[in-house]
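The block underneath contains the structure these notes are about, expressed in structure tokens.
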Number of protein chains: 2
Amino acid sequence: MHDGTPSSHTPPADVTQRLGYRLKRTASALRGAMDKALREHGLTVPQYACLELLDQHPGLSNAELARGTFVTRQSMNTVLRGLQDAGLITRPATTDHGRALPAHLTEQGHHRLTAARSAVYAIDQRMTQAVPTQRLAQFLADLDHMTAALEE
Amino acid sequence: MHDGTPSSHTPPADVTQRLGYRLKRTASALRGAMDKALREHGLTVPQYACLELLDQHPGLSNAELARGTFVTRQSMNTVLRGLQDAGLITRPATTDHGRALPAHLTEQGHHRLTAARSAVYAIDQRMTQAVPTQRLAQFLADLDHMTAALEE
DNA sequence: ACCGGTATGTCAAACTCCTGACATGCACGA
DNA sequence: TCGTGCATGTCAGGAGTTTGACATACCGGT
């Protein structure tokens with residue numbers, strides 16, 4: 001094919017030059033940093049994400065939390081059990097309408113989240129400051145466009 | 001604190017507005033798309049990544065492949081066993097120098113990779129075309145800066 | 001009233017991946 | 001020569017996640 005548009009036809013042959021590879025590398029580094037930081041607070045990354053979501057949206061159900069953290073309902077179910085056993089959240093055993101069981105942070109859960117949040121903030125700042133401020137919004141928007149393109 | 005610099009001091013309170021959240025979401029979407037596409041070729045994502053690396057750098061060892069795909073040596077070891085059992089790669093049982101066992105693609109492995117690559121290319125293109133061409137290089141560079149900031 | 005579609009919570013089994021550990025092999029300096 | 005350090009390959013165990021399946025509960029149209 002002797003095309004006229006030179007670029008954006010096929011990905012680079014070198015895997016390490018491809019967008020997906022770079023994305024995976026950054027995500028892997030982020031996951032590693034968060035794992036390490038949260039371990040000192042006795043939390044895993046999914047557990048932290050769950051607490052953070054519940055703090056902003058109290059009463060979310062298991063399925064809603066699963067969608068919000070990009071895991072399956074089953075995985076989130078075990079996460080919730082762990083958090084419940086640790087006394088960080090509460091969930092009613094039954095409900096009068098539907099099947100969804102709304103989860104809420106306990107006082108202890110809120111304290112634990114606040115402590116862990118400072119560690120995560122430090123990581124988020126290191127990462128955010130690596131990209132110039134004026135480009136951050138555009139960067140986030142591009143990420144969203146990519147996500148949308150992948151899900152269509 | 002009545003600071004003068006309004007932004008870039010603390011991450012947004014809304015988790016879904018944070019850089020880490022967006023990054024995880026995009027990475028999750030990419031992983032899902034690749035999982036689905038590669039399943040039709042009988043490969044997992046780590047298996048594909050391994051084949052791709054071996055195609056460009058024949059003779060890589062288990063540990064080198066592990067570093068290149070962001071997993072542990074142990075995980076890569078099981079991946080290599082699977083690829084070996086499937087007849088897609090070969091690895092000598094012994095070596096005359098050191099312990100590293102250089103892996104190589106078989107003819108069948110090369111064919112399988114070529115077939116799977118087309119599916120992955122389609123995904124990479126959909127993702128790449130979501131960001132304007134003139135911004136792609138900058139996007140990749142920012143990803144690298146973030147990775148470096150997280151690993152320091 | 002019924003029934004199909006959708007959404008939820010949960011169980012079981014399988015798989016993947018990681019942590020911890022150990023043995024082997026090479027390189028370097030004492 | 002010996003010993004320390006470092007990198008590699010591998011085994012065992014466990015933690016986390018997914019796929020598949022099933023029962024329950026609401027909502028819609030017929």
Side-chain angles (χ1 to χ4, degrees), chain A residues 24 27-40 42-50 54 57 59-86 89-104, chain B residues 24 27-40 42-50 54 57 59-86 89-104:
Chain A
K24 184 175 179 180
S28 177
L30 173 60
R31 174 64 184 243
M34 288 190 64
D35 264 329
K36 180 181 169 188
L38 287 174
R39 190 169 307 152
E40 303 171 5
L43 290 175
T44 66
V45 171
Q47 282 175 338
Y48 167 77
C50 180
L54 276 180
H57 304 284
L60 284 184
S61 70
N62 177 27
E64 290 168 321
L65 288 167
R67 282 192 292 269
T69 56
F70 320 112
V71 296
T72 60
R73 281 172 297 161
Q74 293 86 333
S75 295
M76 182 50 66
N77 200 352
T78 67
V79 170
L80 284 182
R81 282 182 178 279
L83 290 174
Q84 209 164 357
D85 292 346
I89 67 164
T90 58
R91 226 176 8 156
T94 61
T95 178
D96 54 350
H97 180 68
R99 292 200 77 194
L101 303 175
H104 291 269
Chain B
K24 183 175 179 180
S28 177
L30 173 59
R31 173 66 183 242
M34 288 189 64
D35 264 329
K36 180 181 169 187
L38 287 174
R39 188 169 306 153
E40 302 171 6
L43 290 175
T44 66
V45 171
Q47 282 176 338
Y48 166 77
C50 181
L54 275 180
H57 304 285
L60 284 184
S61 70
N62 177 27
E64 291 169 321
L65 287 168
R67 282 192 292 269
T69 56
F70 319 111
V71 296
T72 60
R73 281 173 295 162
Q74 294 87 335
S75 295
M76 182 50 66
N77 199 354
T78 67
V79 170
L80 284 182
R81 282 183 177 277
L83 290 174
Q84 210 165 354
D85 292 346
I89 69 165
T90 58
R91 227 177 6 157
T94 60
T95 178
D96 52 350
H97 182 70
R99 292 200 76 194
L101 303 176
H104 290 271

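Values reported hereafter were calculated over all heavy atoms of this structure, with side chains retained and with hydrogens, waters and symmetry mates removed. Chain naming here is simple, since letters A, B, ... match the order of the sequence lines and numbering starts at 1 in each.
- Between the CD atom of B:Glu40 and the CG atom of B:Asp35 there is a distance of 11.5 Å, given to the nearest 0.5 Å.
- Note that the OG1 atom of A:Thr90 and the CG atom of A:Leu54 stand 9.0 Å from one another [nearest 0.5 Å].
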Acceptor/donor pairs from residues 97-104 of chain A side chains to any protein atom, 3.5 angstrom cut, sequence neighbours excluded:
none

Under 3.5 Å between N/O atoms: give me all the protein pairs with nucleotides 5-8 of chain D, atom names plus distance.
| from | atom 1 | to | atom 2 | distance (Å) |
| --- | --- | --- | --- | --- |
| D:dT8 | OP1 | B:Arg67 | NH2 | 3.1 |
| D:dT8 | OP2 | B:Arg67 | NH1 | 3.0 |
| D:dT8 | O2 | B:Arg99 | NH1 | 2.7 |

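- Annotation: proximity of residues 29-39 of chain A to DNA chain C (heavy atom, distance under 4.0 Å) is found for no residue.
- Atom CG of A:Asp85 sits about 10.5 Å away from atom CG of A:Leu80, to the nearest 0.5 Å.
- Atom CZ in B:Arg31 sits 6.0 Å away from atom NZ in A:Lys24 (nearest 0.5 Å).
- Scanning all heavy atoms of the two residues, the minimum distance from B:Cys50 to B:Thr69 falls at N-CG2, 4.4 Å.
- Look at A:Thr72 and you'll find a side-chain N or O under 4.0 angstrom from OP1 or OP2 of D:dT18.
- The heavy-atom pair separating A:Val45 from A:Leu38 by the smallest distance is CA-CD1, 3.8 Å.
- At the phosphate of D:dG16, neither OP1 nor OP2 sits under 4.0 Å from any side-chain N or O atom of A:Arg81.
- Taking atom CZ on A:Phe70 and atom C1' on D:dT17, their separation rounds to 16 Å, with Å as the unit.
- Listed by first and then second residue, the side chain to side chain donor-acceptor pair (under 3.5 Å) pairs that reach into residues 73-84 of chain A are A:Thr72-A:Ser75, sequence neighbours excluded.
- One atom, CD of A:Gln74, and another, P of D:dT18, lie 8 Å apart when rounded to the nearest Å.
- Nearest heavy atom pair, residue A:Glu64 against residue A:Gly59, reads OE1-O, 4.5 Å.
- The ring pair (Phe, Tyr, Trp, His ring centres under 6.0 Å) search around B:Phe70 returns A:Tyr21, not counting sequence neighbours.
- Using a 4.0 Å cutoff to heavy atoms of chain B, the contacted part of DNA chain C runs 5' to 3' from C:dC17 to C:dA27.
- At the phosphate of D:dG16, neither OP1 nor OP2 sits under 4.0 Å from any side-chain N or O atom of A:Ser75.
- We find the CG-CG distance between A:Leu60 and A:Leu65 to be 5.0 Å, quoted to the nearest 0.5 Å.
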